[in-house]
Structures are given as structure tokens and as C-alpha cells.
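Predicted model, so just to flag it, every value in this text is computed and none were measured.
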Amino acid sequence: METLYLLIPVSVILVFFVGLAFWWSLRSGQFDDLDGPAYRVLMDDDRGKEQGAGPSTESVDAAPAAAPPAPPDTAAAPLERRR
């Protein structure tokens, strides 16, 4: 029973500090736009084209980039024994 005399005031103080931190985060704008940054990552940045940045510097007739080398066939290679 004696521990309740200590735990109840400590829990009330803890709830007060959590409420204070939540109130501060609401007032400072931490929860203003939760979805915007997630969608902004997925959207293309077309602002340069809209502002008239000029034609693209890439050539239409340029050769495509070389394909990455194929990984070695590990199934055919014998397994090495560790000593």
C-alpha cells in the first residue's frame, strides 16, 4: 500500500509531462502535414520544364547505356571448403 503513495503522484507527474510535450508538438506544427512529404517523394520534379529551362541536353540518337554485367553462375562453381 505504501508504494501506491509513491506511484500515483509519479504517474500523475509523468502524464503531465507527456501532455506538455504533446501540446508543444501541436503548437509548433509537428502534425500540420503528415501526408505531404510522403507524396512529394513520389512526384516528379517538373518545375524546371515549366519555368522554361530550355531543351533537354540529352541527345535523342545517343546510344543506350550499357547493361550491367551478369552475375557469375554460382550453381556451376564448386563450393570451397574452409580449413
Calculate, to the nearest 0.5 Å, the distance between atoms OG1 and CD1 belonging to T3 and I8 respectively. 9.0 Å
Within this structure, what is the CZ-CH2 distance for the pair F16 and W23, rounded to the nearest 0.5 Å? 10.5 Å
How about F22 and F31: do any of their side-chain heavy atoms sit closer than 4.5 Å? yes
Can you tell me which residue pairs pass the salt bridge (Lys or Arg N to Asp or Glu O under 4.0 Å) test with a partner in residues 14-42, sequence neighbours excluded? D33-R40
